[in-house]
2 protein chains.
Amino acid sequence: MSVEPLPNIDRSTLRERVLRALRSAITSGRYRPGDHLGEVDLAASLGVSRGTVREALRHLQQEGLVMASTRGMLRVNTLSATEIRGLFRVRAALEGLAVREIVASPRRDAAVAALRESLLSLRDGDDFGAQVEADLGFHMRLCELSGNPMLVESWRHLEGRIRATIMNREPDEAPAMMTPARHSPIVDAIAAGDLDTAIAVVEEHMAAAADHFAGPAES
Amino acid sequence: MSVEPLPNIDRSTLRERVLRALRSAITSGRYRPGDHLGEVDLAASLGVSRGTVREALRHLQQEGLVMASTRGMLRVNTLSATEIRGLFRVRAALEGLAVREIVASPRRDAAVAALRESLLSLRDGDDFGAQVEADLGFHMRLCELSGNPMLVESWRHLEGRIRATIMNREPDEAPAMMTPARHSPIVDAIAAGDLDTAIAVVEEHMAAAADHFAGPAES
DNA sequence: GACATGTACGCTGTCGACACTCCAGAGGAG
DNA sequence: CTCCTCTGGAGTGTCGACAGCGTACATGTC
C-alpha cells in the first residue's frame, strides 16, 4: 500500500472552477475591455452547460469585472476616468481604515513584518502579471491584517474593478506604480506608529494611482 | 384614440423580480436569520423554475443577505458581534468619505437641503419597517450626494448585511437609534463646513450603532 | 432610389429532468 | 445494548431544449 498521503481531491463545484477560469481569463488580458462574453461560446469553449457559465458571469458582474450592455449581453467592464478617480478614493478610505486598525492593534509588529514580506514579492517581478499580483497582494494583505473581515470583504468587492482598470492600460505603462519604493513608506509609517502620516501616505499613494490610471487631473 | 400615454411596461426580467421579492421577504422579517432557503420550496412558492430562484439566491449571497451553510444550502445570514463592529467601522470610513466629498463640493448647499429633506422621513414613522427604510435612505442619500458612484456601490454592497443586522433585533429595541436627533448633527456639521467635526460625528454615530447592535464593548 | 415590411439569425431568458451527495433512521449482527 | 450497514429522502449540481426578443439583411412597393 502506498505511503504517500494521496493527492487532495478538488471538491470545488464546476461553477466555482468556471468562475476562476473566467476571472483569470479576463484579468490576464485574454479578453480585452469591451469584449462580448457570449454564454454559448464560453460554454462551448469550457465544455460546460450555459447555465453554469451563466452563474459565473453573473458573479463576475457583481464583482464589477463584467458589465451589462444591450439586450442583457455581458461585456468586460471598462471604467470612465471619473469612476476610476472615485474608485481610488474609496480605496484610500478603506485602506486608511486598515492602517488605522493596524496601528491601534497590539499585533502591530507582526503586521509590519508581514507587510515587509509582501514587499519582497514586488521587487523581483519582471513579469507584468506577477507584478500586478504582488501589488494587489500587498494591499489585500494590508486589509487582512486589520483583522476586520468586513473591510476585507469590501476591498474584495472592488478588486475586480481595480483589475479592470489596470488591464485597460498597456503593460508597458504601469510598472512604475508598483515598485517597492512606492509602497515601503506605508509600512514605515505604520512601523513608526504615526497614524496621521501613514494615512496621508496611503492617500497620496492612491491619488497618484488615480492620476496614473485616469489621466492627470481633469476634473 | 386614447390620449393618455399608455402605462409603462415592466421590462424587468423574471430573475430581477424574484430577486426583489426574496430580498424584501428577508429584510421584512418574513424569513428569520438562520432560516433555510430551499430552492425547490421557493421556486414552488414563487411559481418559477429553480434556476431562476437559484440566480437570485446567488445574488443575495454576494450581497451578504444570505450565507452558505452545509452542503451548499443557503440560509439567511447572521453576523457575529465582531463582524457587526467591523461592519460599522467600514460604514464609518465610507460615510466619512462621503461627508468629506460633500464638504469639498461646490454643491454643498444643495446637498444639505437634500439631507434635511431626508431627515423628515425619519420623523413621522411609527412603523418599524418604514423607520428602517428612512434611516438607511438617509445614509444612502449621504453617499449618493458625494457624487462618487463607486462609494455608492461599496455602500450598497454592505446594505444587505446592515439590514441583516438590524433584523436580528426585536423591533422594539431599535427605534432609538433612528431618531432625527441622532442624524441632524451630521447635517449640521456639513452645513457648517466643519469637516473634522462632521467626520467625528459620523464616527460617533457608527460607534453607537455598533454598540447597540453588537452589544456594548466586549472586545 | 428611398422607405416600409417581412424574415432569418444570434443571443439571452426560462424551464423541467436527471445525477449526485449527504444525512437520518431502520434493521440486523454481535 | 451497541455498532455497522443499508436504504430511503431531501437537497443541490448540472444539463439540454424551447421560447422570446432584437438586429441586420433581404424583399417588395411607390
Side-chain angles (χ1 to χ4, degrees), chain A residues 6-23 25-26 30-78, chain B residues 1 6-26 30-78:
Chain A
L6 286 177
N8 281 342
I9 307 287
D10 180 14
R11 301 267 311 183
S12 68
T13 172
L14 193 51
R15 169 178 53 85
E16 294 173 305
R17 276 170 293 181
V18 168
L19 176 59
R20 281 195 290 268
L22 288 179
R23 184 157 38 204
I26 294 174
R30 167 75 181 77
Y31 296 106
R32 300 295 305 169
D35 279 4
H36 167 49
L37 300 172
E39 293 178 1
V40 283
D41 298 347
L42 294 175
S45 302
L46 295 166
V48 298
S49 84
R50 268 184 58 213
T52 305
V53 168
R54 188 185 179 78
E55 287 188 42
L57 285 175
R58 288 260 118 83
H59 193 108
L60 291 174
Q61 185 181 8
Q62 257 179 299
E63 280 187 12
L65 216 52
V66 158
M67 60 183 285
S69 74
T70 57
R71 269 174 49 206
M73 291 194 292
L74 297 175
R75 304 186 173 280
V76 177
N77 194 7
T78 159
Chain B
M1 181 186 248
L6 285 178
N8 281 341
I9 307 284
D10 180 15
R11 300 269 307 183
S12 68
T13 172
L14 192 52
R15 170 179 53 84
E16 294 173 305
R17 277 171 298 189
V18 168
L19 176 59
R20 282 195 290 268
L22 287 179
R23 188 164 26 212
S24 155
I26 294 174
R30 167 75 181 78
Y31 296 105
R32 300 296 305 168
D35 279 3
H36 167 47
L37 300 172
E39 293 178 2
V40 281
D41 298 347
L42 294 175
S45 303
L46 296 166
V48 298
S49 83
R50 269 185 58 213
T52 305
V53 169
R54 189 185 177 77
E55 287 187 40
L57 284 175
R58 289 258 117 86
H59 193 108
L60 291 174
Q61 186 182 7
Q62 259 179 299
E63 280 187 12
L65 215 54
V66 157
M67 61 183 286
S69 73
T70 57
R71 270 173 48 206
M73 291 194 292
L74 297 176
R75 304 187 172 280
V76 177
N77 195 6
T78 158

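Just so we're on the same page: letters track the sequence lines, and every chain starts at 1. Since we're looking at a predicted model, the values are computed, not measured.
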Phosphate contact (D:dC15 OP1 or OP2) by A:Thr52 side-chain N/O below 4.0 Å = yes
Looking only at side-chain atoms of B:Val48, point me to the closest of D:dT12, C:dC15, D:dT14.
-> C:dC15
Specify the separation, in whole Å, of atom CG of B:Leu19 and atom C1' of C:dG13.
-> 15 Å
In whole angstrom, what separates A:Asp41's CG from C:dC9's P?
-> 17 Å
Could you check which of C:dT14, C:dT12, D:dG13 has an atom nearest any side-chain atom of A:Met73?
-> C:dT12
Kindly say whether, by distance alone, the side chain of B:Arg50 makes a donor-acceptor pair under 3.5 Å with the base of D:dG11?
-> no
In terms of the nearest nucleotide of DNA chain C, which residue is placed more toward the 5' end: A:Glu39 or A:Arg11?
-> A:Glu39
Run the side chain to side chain donor-acceptor pair (under 3.5 Å) check on A:Thr52 and A:Arg15 step by step: do they pass?
-> CA-CA 6 Å; A:Thr52 305; A:Arg15 169 178 53 85; over 6 Å; no
Counting side-chain heavy atoms from C-beta on, which of D:dC15, D:dG13, C:dT14 comes nearest to A:Arg15?
-> D:dG13
Among C:dT12, D:dT23, C:dC15, the nucleotide that comes nearest once only the side chain of A:Arg71 is considered | D:dT23
Sub-4.5 Å side-chain heavy-atom contact between B:Pro33 and B:Arg75 | no
Counting distance only, does the side-chain N/O of A:Asp41 pair as donor-acceptor with the main-chain N or O of A:Gly38 below 3.5 Å?
-> no
Can you check the A:Arg54 CZ to D:dG13 P distance for me, whole Å?
-> 17 Å
What integer distance in Å separates B:Gln61:CD from D:dT12:C1'?
-> 13 Å
Can you tell me the distance, in whole Å, between the CG atom of B:Asp10 and the C1' atom of D:dC21?
-> 16 Å
Length of the line joining B:Arg17:CZ and C:dT14:C1', which is rounded to integer Å = 11 Å
Could you state the atom-to-atom distance from CG of A:Leu42 to P of C:dC11 in whole Å?
-> 11 Å
Dump the intermediate steps for side-chain contact (heavy atoms from CB on, under 4.5 Å) on A:Leu42 and A:Arg50, then the final yes or no.
-> CA-CA 8 Å; A:Leu42 294 175; A:Arg50 268 184 58 213; over 6 Å; no
Spacing between A:Leu14 atom CG and C:dT21 atom C1', to the nearest angstrom | 15 Å
What does A:Leu37 touch in the nucleic acid at a heavy-atom separation under 4.0 angstrom: a base, only the sugar-phosphate, or nothing?
-> sugar-phosphate
Could you check whether B:Gly38 gets within reach of a base, just the sugar-phosphate, or nothing at all, counting any heavy atom under 4.0 Å?
-> sugar-phosphate
Map A:Gly51 and B:Gly72 onto DNA chain D by nearest heavy atom, then report which one ends up closer to the 5' terminus.
-> B:Gly72
Measure from the side-chain heavy atoms of B:Ser49 and tell me the nearest of D:dT14, C:dC15, D:dG13.
-> C:dC15
A:Gln62 side-chain N/O to B:His59 backbone N/O, donor-acceptor pair under 3.5 Å = yes
